[in-house]
There are 2 protein chains.
Amino acid sequence: MLPSSTVENYLKALYQAQVALENDKALVPMGQLASAVGVAPGTATTMIKALAKSGLVEYEPYLGVRLSTAGTALAAMVLRRHRLIEQFLVEIMGMSWTEVHEDAEKLEHVVSDRLIERMDAMLGHPSVDPHGDPIPTPDGDMAPHRYHSLLTCPLHTQVKVTRVADQDATFLRFLEAQRLKPGQALEVEARDSAADSVQLLTEGQRRITIGTKAASKVLIEVA
Amino acid sequence: MLPSSTVENYLKALYQAQVALENDKALVPMGQLASAVGVAPGTATTMIKALAKSGLVEYEPYLGVRLSTAGTALAAMVLRRHRLIEQFLVEIMGMSWTEVHEDAEKLEHVVSDRLIERMDAMLGHPSVDPHGDPIPTPDGDMAPHRYHSLLTCPLHTQVKVTRVADQDATFLRFLEAQRLKPGQALEVEARDSAADSVQLLTEGQRRITIGTKAASKVLIEVA
DNA sequence: AGTTCCATTTTGAGAAATCAAAATATAGGG
DNA sequence: CCCTATATTTTGATTTCTCAAAATGGAACT
Ligand SMILES: [Mn+2]
Ligand SMILES: [Mn+2]
Ligand SMILES: [Mn+2]
Ligand SMILES: [Mn+2]
């Protein structure tokens, strides 16, 4: 039985929640899963019970759910497809990194292995997508990077944007306009917890201030 | 309401059946539609009654069904996507014309307008796909070509393969091996109705014999 | 007109995915 | 230990799509 798009979406959401939880054995609460997938809580419960029966997840009533080995492998392939497609759309098709997510969200469920490996080859086997998200390898491994964000990195130090943890097109366009897309260099000048803000000095000596919520979504590495 | 993949498949099958019938007002029998879509006859009846209610087809019980103006426009867009995708997979992705149909069959339901128009531009607005099938324009027009086949064309005359009316990968690979893919030149040497066969002289002076059923699926134009 | 054949429609049922709202469990605070 | 807030599960229903098999319509042939 090959998984439906719906099943693939549940597995992918679970995979991403588990990566965020950082703990391999941790359970993802049903409410969080439901809102990640965009369904009512009861819908998620029903679906997860079915996935547990087919061995893709381990379900502990009232506690939460985690991927099985089989489920993890499947989810990694969905994520691999999603991110390779995004990279393809930007690099080969010339689309903007701010708008490829929605297309990839659909295409990830229908591209054949043949086609996805063709894309991978054309792109030279990239390790990250246009948002800096790591691309799982064909055997499902994914580099478990440990990032700083503009909220946690040292002040007055040259850093480089390497990843953006939000797919919202409006937010991505904002970052692009402010010279904050992956690859660009900058320094954090100051943080003001009362004002809930972070002051930056971007490439080209432009000084800007953004909120801490936004700052936490811009992941960086020290140069 | 945007149409589901299922609805798109029914409309596309109907469109292609009507093009084959050559008559704009003709009705496609339910049995033929059902087998084109690959469902049981009763399933097609149920679906068509729903499509009639939403105005996409005109249904005459016991006689058959035809596309409405709205249905025709929608079907033409599905076919446009299918054929542009096939051309893209061959020209840009370097895949074989013998294997792109299955991928296109899935992708045609999920590619965005943005993406399909990007493909169209990259390909230089092609008028036919890798099998010689005409690509409807963005406003739904499709050149209504009148073809000869290897079964109906004059003998001892230089002709050129322009279109293949079958998507079966095995058949397409056969044509490729025999130098009978679109663009290649040849002559029909003789036809033998008793033997149910057609004798050809292909490019490079190779002499081969094929059955009439196969010959009728190779469409040509006189050079 | 009667019979037979084939295509089509109807019927009854089921799988997959969903929701709203009611019921229940768990965890914390008093 | 009770009560309450919150998360989760259960229930009952709906939508979309499908099938097998029974019923029916239409055409054609004696
Ligand atoms: Mn994405
Ligand atoms: Mn991404
Ligand atoms: Mn095709
Ligand atoms: Mn084609």
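Just the heavy atoms: all of them, side chains too, but no hydrogens, waters or symmetry mates, feed the values below. Residue numbers begin at 1 in each chain, while the letters A, B, ... track the order of the sequences.
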Sorted by chain and residue number, the salt bridge (Lys or Arg N to Asp or Glu O under 4.0 Å) partners of B/E22 (sequence neighbours excluded) come out as B/R146
By salt bridge (Lys or Arg N to Asp or Glu O under 4.0 Å), B/D168 pairs with (sequence neighbours left out) none
Who passes side-chain contact (heavy atoms from CB on, under 4.5 Å) against [X], sequence neighbours left out?
X: B/P126; answer: B/L84, B/Q87, B/D120, B/L123, B/I135
X: B/E105; answer: B/N9, B/K12, B/H82, B/H101, B/E108
X: B/E102; answer: none
X: A/A40; answer: A/T43

Original post:
Under a 4.0 Å N-O cut-off, is there an ion pair linking B/E86 with B/R81?
Top reply: no
To the nearest 10 degrees, the angle between the two end axes of the helix from C/dA1-D/dT30 to C/dG30-D/dC1 (five pairs per end) comes to 20°
Residues 126-142 of chain A vs salt bridge (Lys or Arg N to Asp or Glu O under 4.0 Å), sequence neighbours excluded, gives A/D133-A/R163
So the salt bridge (Lys or Arg N to Asp or Glu O under 4.0 Å) pairs with at least one residue in residues 38-64 of chain B (sequence neighbours excluded) are B/E58-B/R66
Readout for nucleotides 8-25 of chain C: B = base within 4.0 Å of protein heavy atom, S = sugar-phosphate only, - = neither; 5' to 3' it is SBB------SSB-----S
Side chain to side chain donor-acceptor pair (under 3.5 Å) filter on B/S127, not counting sequence neighbours, yields none
Produce the list of close N/O pairs, under 3.5 Å, pairing protein atoms with atoms of nucleotides 12-15 of chain D; give distances to one decimal.
none

